[in-house]
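Written below as structure tokens is the structure these notes are about.
Residue numbering restarts at 1 for every chain, and letters A, B, ... go by the order of the sequence lines.
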Amino acid sequence: MKKQKYSFSKNERIKSNKEISRIFNNGIFLFTKNISLVYLCSKDTDQKINQIAVSVPKKKFKSAVKRNKIKRQIKEAYRLNKSIIYDYSDKNSIWFKMIFIYKSKSIPTYKTIYSEIIELLKKMRDRH
RNA sequence: GCAGUCGGUUGUUCUGUCGCUGUCCCGAACUUGCUUCGGGAGAGAGGAAAGUCCGGACAACACAGAGCAUUACACUUCCUAACGGGAAGACACUCGUGAGGGUAUAGUAACGAAGAAGAAAAUAACCGUCCCGAACUUGUUUCGGGAUAAGGGUGAGAAGGUGAGGUAAGAGCUCACCGGUGCCGAGGGUGACUUUGGCAGCCGUUCGUCUUGUAAGUUGUAAUCUCGUGUAUAUCGGCGUUUGAGAGCUGCUCGCACAAUGCCGAGGGGUUGAGAGCUAAAGUUGCAAUGUGAAUUGUAACGAAGAUAAAUGACAGAACCCCGAAUUUGCUUCGGGGACAGAAUCCGGCUUACAGACCGACUGCUUUU
RNA sequence: GGCCCCGUAGUUCAACGGACAGAACAGCAGUUUCCUAAACUGUAGAUACAGGUUCGAUUCCUGUCGGGGUCA
């Protein structure tokens with residue numbers, strides 16, 4: 001399981017509406033300048049996977065092209081940096097469910113997203 | 001050469017690394033399943049995919065039948081599965097020096113409306129002009145009765161226009177020319193219509209109602225069907241009992257048709273998943289023929305996204321194009337940029353957004369020959 | 001994704017196609033009061049944007065933009 005370091009497959013995403021609302025109600029919020037992160041952690045679940053979802057509000061970006069681009073860039077940044085979290089999870093068997101929300105109104109560069117994702121993941125890891 | 005009009009085509013390319021979603025093949029694991037994991041091959045957004053403005057396909061429900069209402073469209077001939085779309089024309093108005101662009105065009109038999117302004121908005125006498133009578137203040141006077149659409153501050157629109165005759169003053173009252181309408185004929189055109197000859201009458205504008213013709217049942221792929229989970233009381237059928245007039249069917253009417261409750265049987269609300277629907281289609285491209293053209297016919301090749309918290313990407317480098325600067329005038333160097341925009345059942349249109357590049361036809365101005 | 005609805009003062013609503021676009025509350029100024037409130041008087045402020053039809057458009061038509069609802 002999870003031998004491929006940089007993969008990002010379908011079951012690593014959160015799909016059900018119930019889970020998302022549960023995370024928003026009970027989750028812990030972390031912030032950087034442009035992105036905020038909501039997450040829940042759980043021990044000893046059956047599925048040993050970290051799951052994420054990405055959200056870009058339609059009110060701030062009207063064009064679907066721009067919204068999709070930001071989503072893809074966030075996913076890409078997570079894909080390349082998820083070893084930060086997986087190393088920790090494997091040791092302690094704590095699994096996370098995360099939602100990334102893009103807050104800013106301006107279109108970001110890939111580099112800022114990349115560095116902010118790393119920052120968020122490290123923050124989250126250090127709290128446990 | 002510069003500026004423009006119309007129509008059409010196109011909508012950056014390549015390499016490397018790491019990924020995503022289907023399809024097919026191979027291997028491994030076991031719970032033998034369209035299961036999971038690993039590897040390989042090959043495929044993966046647009047001209048508008050957008051807006052959801054029209055028209056269909058497809059699906060479910062409704063529908064004995066008739067009438068009315070409502071909505072949309074409305075010159076002609078065609079194209080099309082269909083359309084409120086398109087093509088080629090006709091005619092009028094309008095914008096432009098021009099190539100061209102925009103808008104309108106069924107019928108007028110009947111009825112209604114036109115604020116403010118103006119005498120008057122259609123059976124036009126307020127002022128004015130002219131005639132007759134009376135009065136006394138004898139006047140470019142006043143009063144009364146008539147004739148008259150030539151003139152008049154308005155208005156989007158004022159009773160065909162110009163000239164001459166005519167008259168008390170005037171008037172299509174008469175005549176000439178011109179505009180428009182109707183009827184009868186001749187030539188051209190498939191047709192709208194047009195050219196032309198004669199006759200008639202003397203002819204307002206806009207909008208609405210109305211009339212005529214054509215079309216429209218309703219809802220939409222979250223339709224609809226199947227499976228799993230699951231078990232309230234909608235609905236339907238049968239039998240029994242009770243009651244008698246307002247609940248339903250397409251917006252209304254005629255018409256059709258029946259309600260309440262008990263038992264039995266079928267069935268299934270809500271929640272949350274999976275599969276089908278789902279992509280081969282009024283298909284795309286090339287060539288040929290027919291046609292002014294939209295398009296049609298024949299023939300050959302291709303087989304080409306199918307996601308569902310949303311795949312089709314990210315990063316780096318190079319090429320190509322554009323802009324700016326530098327100057328060794330070499331497409332040399334440096335810097336910046338490459339639009340609008342992302343399938344969600346599928347087609348045909350329309351509308352809107354768009355950096356540029358290319359092709360064809362034509363117009364105006366300028367220069368040269 | 002499909003199908004609907006709505007955009008009028010700061011807010012909540014009006015307005016046959018006819019012109020100064022109306023009302024209430026809120027705002028500002030004044031009167032009254034020792035001061036405030038209440039009351040009274042006055043005043044400013046708007047048709048989402050762009051075209052078209054019309055003599056004339058908030059109203060009718062078309063297209064953009066914005067906001068909202070609904071479905072299994």
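When the P atom is compared between B:A282 and B:A247, the two are found 48 Å apart, to the nearest whole Å. Comparing B:G8 with B:A294, their P atoms sit 10 Å apart, to the nearest whole Å. For the C1' atoms, the distance from B:G11 to B:A45 is 14 Å, rounded to whole Å. Distance noted for atom C1' between B:A274 and B:G251: 43 Å (whole Å). Comparing the same atom, C1', in B:G155 and in C:G18 gives a spacing of 15 Å after rounding to whole Å. Nucleotides C:A37 and C:C71 have their P atoms positioned 50 Å apart, rounded to a whole Å.
Residue A:M124 holds its CE atom at 4.5 Å from CZ of A:F96, rounded to the nearest 0.5 Å. How far CD of A:E116 is from NZ of A:K123: 9.5 Å, rounded to the nearest 0.5 Å. One finds the CD1 atom of A:I70 at 9.5 Å from the CD1 atom of A:I35 (value rounded to the nearest 0.5 Å).
When each of B:A314, B:G342, B:A310 is scored by its nearest atom to the side-chain atoms of A:A64, the top-ranked nucleotide is B:G342. Listed candidates were B:A310, B:A341, B:A314. Nearest to the side chain of A:V65 is B:A341.
With a 3.5 Å ceiling on both atom-pair distances, B:C354 lacks any Watson-Crick or G-U wobble partner. For B:G65, the paired nucleotide is B:C254, the pair qualifying as Watson-Crick or G-U wobble because both relevant distances are below 3.5 Å. Applying the Watson-Crick and G-U wobble criteria (two distances, each under 3.5 Å), B:G155 pairs with nothing in any strand. For B:G7, the paired base is B:C359 (Watson-Crick or G-U wobble, both distances below 3.5 Å). Using the Watson-Crick or G-U wobble rule with both distances under 3.5 Å, B:G42 pairs with nothing in any strand shown. Nucleotide B:G335 forms a pair with B:C323, judged by Watson-Crick or G-U wobble geometry with both contacts under 3.5 Å. For B:A232, there is no paired nucleotide, since no Watson-Crick or G-U wobble pair has both relevant distances below 3.5 Å. Summarising the base pairing, B:A60 is matched to B:U218 through a Watson-Crick or G-U wobble pair whose two defining distances lie under 3.5 Å.
Against the 90° criterion about 0, the sugar-base torsion of B:G275 places it in the anti range. With its glycosidic angle within 90° of 0, B:G47 adopts the syn conformation. In textbook terms, a nucleotide whose glycosidic angle is within 90° of 0 is syn, while B:A294, being further out, is anti.
Nucleic acid contact class of A:A53 (heavy atoms, under 4.0 Å, all strands): none.
Across A:I113 and A:Q73, no two heavy atoms sit closer than the pair CD1-OE1, 3.7 Å. In this structure, A:L121 and A:N81 approach most closely via the heavy-atom pair CD1-O, 3.7 Å.
For A:R79 and B:G313, the shortest distance from a side-chain N or O to OP1 or OP2 is not below 4.0 Å.
Between A:L80 and A:Q73, the residue anchored nearer the 5' end of RNA chain B, judged by the nucleotide with its closest heavy atom, is A:L80. Comparing A:K111 and A:K71 along RNA chain B, the residue whose closest nucleotide (by nearest heavy atom) sits nearer the 5' end is A:K71.
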